[in-house]
Asks: 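One structure, as structure tokens, below. Some questions next.
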Number of protein chains: 2
Amino acid sequence: MTNELEFLKAHSLSSLVRRELEKLILSGEFAPGERLNEYVLAARFSVSRGPVREACRALAEKGLLDLVPNRGVFMRKIDEGHAAALYDVRAGLFASAVRLLASRITPEQLSALEDLLRRMDDAADRQSLDEYYPLNLEFHDSLMRFAGNSRLHSLYGELIKELHLFRERALLHDGGLAVSNAEHRRIVDALRARDAAAATEEAFNHVLSGKARMAIHDTHESK
Amino acid sequence: MTNELEFLKAHSLSSLVRRELEKLILSGEFAPGERLNEYVLAARFSVSRGPVREACRALAEKGLLDLVPNRGVFMRKIDEGHAAALYDVRAGLFASAVRLLASRITPEQLSALEDLLRRMDDAADRQSLDEYYPLNLEFHDSLMRFAGNSRLHSLYGELIKELHLFRERALLHDGGLAVSNAEHRRIVDALRARDAAAATEEAFNHVLSGKARMAIHDTHESK
DNA sequence: TTACTGGCAACTGTCAACAAACCATCACGG
DNA sequence: CCGTGATGGTTTGTTGACAGTTGCCAGTAA
């Protein structure tokens, strides 16, 4: 039995609302560009508008919501250009984590990654995106965690959440699974060899390949 | 004459307080770990506690303040471990920007960078940290801007602000100026050659050299 | 029909007050 | 003398209400 009172004492109402609202957003409850009514949200969570406002401000700061003065909060609408930019940032963070990890990876971490590789191979053989997807997520998250830099890890997680807002196309088309996992394997191989430069390169290109697989075109920011 | 009403209409009180509070924080007005009284801040800015709370939440989200439930907001205290981690993230973002820039840099951008290099050389010759420091800042900022990814740029800026909280030691000791600028030059050389891999490597190592110059030890996160 | 104006409804921005939590002080008992 | 528990003041968390702004819509004139 989880004691909810204990949870309430540790976290304030604002943070609870924030967590709940974030879940709603990521679950696709609201359409992109849709306006969120503070009053309605407050009623939905049975709190006053204060905590709702604070939660919205926090989520806007994280990039999940747009804030327009005197107009309200809107679901962030991510276009191709933004998604492409986010992918580039993500590639940089991922490559950086892999680079750090190359010099300090342990045998246990290596075997954990190799285990994930095998399971992803199985899923790819079966063309099962439903199996592959969570494993892929865990693979990336493990790498970030192993890098031993919590800030890097959390930054990456926020980026992933933000990218979830952009879901216009399928994440991977069937043929991509094997290709994607082959890239994973090259990263792990470089890590095992403790070749920081090669691992960095493979990691960076892996994310950029993912961007290409999503058919996101690089609209170079004009301004 | 700047019309202040126009400014007030565009930005809400919360955002004004936030901006002002950020300036205070970065100017070193408060000691690390010091507690900020919401009521006092509200009185100082002649507003109610609401906007102050929202501003504090936003700044806490950005990593400048610590938020403890039922206790209040505290100046973020950055220890060596955190600073080291931030430097690693910064290295990743910087290297990533340089990598992106390598394939699209224009002659105008190159000559702008080279101009900064020359001026930094002058400052280094004169051992003038006061001249060198802003130029160094502008050099890094220009690179991030030229990369053409606004998200990368703003993320980097926030990281720099956060690192400002850690000011226990001098930024560069005299001998470091020439060394630092030599690294800058290698980055620009690689960019001119459009050698993405080399530029990435130089950029990453430049930031890590900066970390070493600050004598920040790498306390590998235990957990 | 189209463009403009005035009023209306809804919503956000801000404030002041209430309730709960925390910290320090001090009295009391072992 | 030290540990324990009560007590008061201070500060945060939350609420409800008020004021200002925005966008919509009807109505009128060209």
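Naming convention: chains lettered A, B, ... in sequence-line order (proteins, then strands); numbering from 1 in each chain.
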Asks: Which whole-number value in Å describes the distance from Asn37(A) CG to dT22(D) P?
Replies: 18 Å
Asks: If you look at every heavy atom in His206(B) and Ser180(B), which pair is closest and at what distance?
Replies: CE1-OG, 3.6 Å
Asks: Whole Å only: how far is the CD atom of Glu38(A) from the C1' atom of dT22(D)?
Replies: 14 Å
Asks: Between Arg71(A) and Arg35(A) (side chain of the first, backbone of the second, donor and acceptor by atom type, cut-off under 3.5 Å), is there such a pair?
Replies: no
Asks: Out of Glu20(A), Glu29(A), Glu38(A), which one pairs with Arg44(A) under the salt bridge (Lys or Arg N to Asp or Glu O under 4.0 Å) rule?
Replies: Glu29(A)
Asks: I need the minimum non-hydrogen distance between Leu41(A) and Cys56(A), along with the two atoms involved.
Replies: CD1-SG, 4.5 Å
Asks: Does the Asn149(A) side chain pair with the main chain of Ala85(B), one donor and one acceptor, at a distance under 3.5 Å?
Replies: yes
Asks: Arg18(A) has an atom CZ; how far is it from atom C1' of dG13(D), in whole Å?
Replies: 17 Å
Asks: How would you list, by chain and number, every residue that makes a side chain to side chain donor-acceptor pair (under 3.5 Å) with Ser154(A), sequence neighbours excluded?
Replies: none
Asks: Given 3.5 Å as the limit, does a donor-acceptor pair link the side chain of Arg104(B) with the main chain of Ala147(B), or not?
Replies: yes
Asks: Please answer whether the main-chain N or O of Asp88(B) pairs with a side-chain N or O of Arg151(A) as donor and acceptor at a distance below 3.5 Å.
Replies: no
Asks: Compare every heavy atom of Asn136(A) with every heavy atom of His184(A), then report the nearest pair and how far apart it is.
Replies: CE1-OD1, 2.9 Å
Asks: Measure the distance from OH on Tyr39(A) to C1' on dA10(C) and round it to the nearest whole Å.
Replies: 12 Å
Asks: Got a sec? Which of residues 41-51 of chain B come in under 4.0 Å of DNA chain D, heavy atoms?
Replies: Arg49(B)
Asks: Quick one: label Leu36(B) by what it contacts on the DNA or RNA (base, sugar-phosphate, nothing), any heavy atom closer than 4.0 Å.
Replies: sugar-phosphate
Asks: Strictly below 4.0 Å: does Arg71(A) bring a side-chain N or O up to OP1 or OP2 of dG23(D)?
Replies: yes
Asks: What nucleotide, of dG13(C), dC11(C), dA21(C), holds the atom closest to the side chain of Asn70(B)?
Replies: dA21(C)
Asks: Under 4.0 Å, heavy atoms only, any strand: does Arg53(B) hit a base, just the sugar-phosphate, or nothing?
Replies: base
Asks: So if I take every side-chain heavy atom of Leu13(B) and compare against dG13(C), dT14(C), dG23(D), which nucleotide ends up nearest?
Replies: dT14(C)
Asks: Could you provide the dot-bracket string of DNA chain C, using ( ) for intrastrand pairs, [ ] for crossing pairs and | for bases paired to another strand, with Watson-Crick or G-U pairs below 3.5 Å?
Replies: ||||||||||||||||||||||||||||||
Asks: Verify the contact: side-chain N or O of Ser14(A) to OP1 or OP2 of dT14(D), cut-off strictly under 4.0 Å; return yes or no.
Replies: yes
